[in-house]
Amino acid sequence: MRARESLRLKRVLNDRFGIPFCVELLAWLAGLGGDAERAALLLGMGNKMWEPIGVPLFGSAALRDWSVGCRVRSAEVLGADAFEAAFQRGSGFTFDAAVAYALGEQPKAAPDTSTAPRVSASALTKREREVALLVARGMGNREIASALVISKRTAETHVENILTKLGFTSRAQIAAWTARQREK
């Protein structure tokens, strides 16, 4: 498969921008191939890899749509809780272990992480709920700041407050929580 070959080459080059994209692409392909659990694990891995970059999928709306579509389809197949558990297990991989898993070099086992407790939307302020929705749409802090006409630092503070209040460690958890809130 060309996507795996691309990932192998990017690993040799230590391409920290290209590797997350390849992992994300492999997640989409797993989802399209009917392996929703692998897709969820890879999405979790990719999400963690994008964090230091700050802008998932290079800020491309078209690529974000592919990612969201993969998340939705995988969550429909697995169920929301199983998807979130697999996603969180994926985010628990180290960078190198995630690349190895994506390449099929490691068994399916993933680190076990506990899921955060379910918290109601009332735990957040109105502005924090707005920010959470934008995070769920895949926006970075700069995009959130622009959309809400606030400073980037204020957007960062809102995201940090949301993570703290909900007991989360990643933007992906905020997105999953937001999706669950919409289902209620």
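The structure presented is a predicted model; accordingly, all values stated were derived computationally and were not measured.
Once rounded to the nearest 0.5 Å, the distance linking CD of Q173 with CD1 of I162 reads 12.5 Å. Here the CG-CG distance, from N47 to L43, works out to 8.5 Å after rounding to the nearest 0.5 Å. Interatomic distance, L13 CG to R8 CZ, rounded to the nearest 0.5 Å: 14.0 Å. Atom CD1 of I19 and atom CE of M45 lie 13.5 Å apart (nearest 0.5 Å). Expressed to the nearest 0.5 Å, how far NZ of K48 lies from CD of Q88 amounts to 10.5 Å. With rounding to the nearest 0.5 angstrom, the SG atom of C70 is 10.0 Å from the CG atom of L25.
Applying the 6.0 Å contact sphere to CZ of R142 captures no more than 12 heavy atoms from other residues, nucleotides or ligands. No more than 12 heavy atoms of other residues, nucleotides or ligands lie within 6.0 Å of CZ in R137, so this atom counts as exposed by the packing criterion.
Nearest heavy-atom pair, A172 versus F87, reported as atom, atom and distance to 0.1 Å: CB-CE2, 2.6 Å. Contact record, A39 with G31: CB-N, 3.6 Å, taken as the closest heavy-atom pair. Across all non-hydrogen atoms, the minimal contact from A100 to R11 is CA-NH1, 4.4 Å.
Contact check on R2 versus E5 returns no salt bridge, with no Lys/Arg side-chain nitrogen under 4.0 Å from an Asp/Glu carboxylate oxygen. Using a 4.0 Å cut-off between charged side-chain N and carboxylate O, R171 and E51 make no salt bridge. Taking the charged nitrogens against the carboxylate oxygens, E24 and R64 have no contact shorter than 4.0 Å, which rules out a salt bridge. Under a 4.0 Å N-O distance rule, the pair R4/E105 does not qualify as a salt bridge.
Under 3.5 Å, the side chains of T154 and S151 contain a donor-acceptor pair of N or O atoms.
Neither V99 nor L9 shares a network with the other; the hydrophobic side chains, linked directly or stepwise wherever heavy atoms of I, L, V, M, F, W or Y lie under 4.5 Å apart, form separate groups for each. In the hydrophobic clustering of this structure, L41 groups with L29; members are Ile, Leu, Val, Met, Phe, Trp, Tyr whose side-chain heavy atoms approach within less than 4.5 Å, directly or through other members. Hydrophobic clustering (side-chain heavy atoms under 4.5 Å, transitive across Ile, Leu, Val, Met, Phe, Trp, Tyr) groups L148 together with V135. Hydrophobic clustering (side-chain heavy atoms under 4.5 Å, transitive across Ile, Leu, Val, Met, Phe, Trp, Tyr) groups I53 together with F93. Linking Ile, Leu, Val, Met, Phe, Trp and Tyr whenever their side-chain heavy atoms come within less than 4.5 Å leaves V77 and L32 in two separate clusters.
Side-chain contact check for Y101 versus D96: every heavy-atom pair is 4.5 Å or farther apart. Side chains of F95 and M49 form a contact here, defined as non-hydrogen atoms less than 4.5 Å apart.
Of the options E76, R71, R73, E37, a side chain to side chain contact (heavy atoms under 4.5 Å, CB included) to F83 is made by R71 and by none of the others. Across E130, E128, R153, R129, a single residue satisfies side chain to side chain contact (heavy atoms under 4.5 Å, CB included) together with H158, and that is E128.
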Show your reasoning for whether side-chain contact (heavy atoms from CB on, under 4.5 Å) applies to L78 and E84.
CA-CA 9 Å; L78 296 173; E84 180 63 22; over 6 Å; no
Would you please test E156 and I144 for side-chain contact (heavy atoms from CB on, under 4.5 Å) and show each step?
CA-CA 9 Å; E156 291 169 358; I144 292 169; over 6 Å; no
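At distances below 3.5 Å, at least one donor-acceptor pair connects side-chain atoms of T178 with backbone N or O atoms of I174.
Ring pair F21/W28 is perpendicular by interplanar angle, where above 60° counts as perpendicular and below 30° as parallel.
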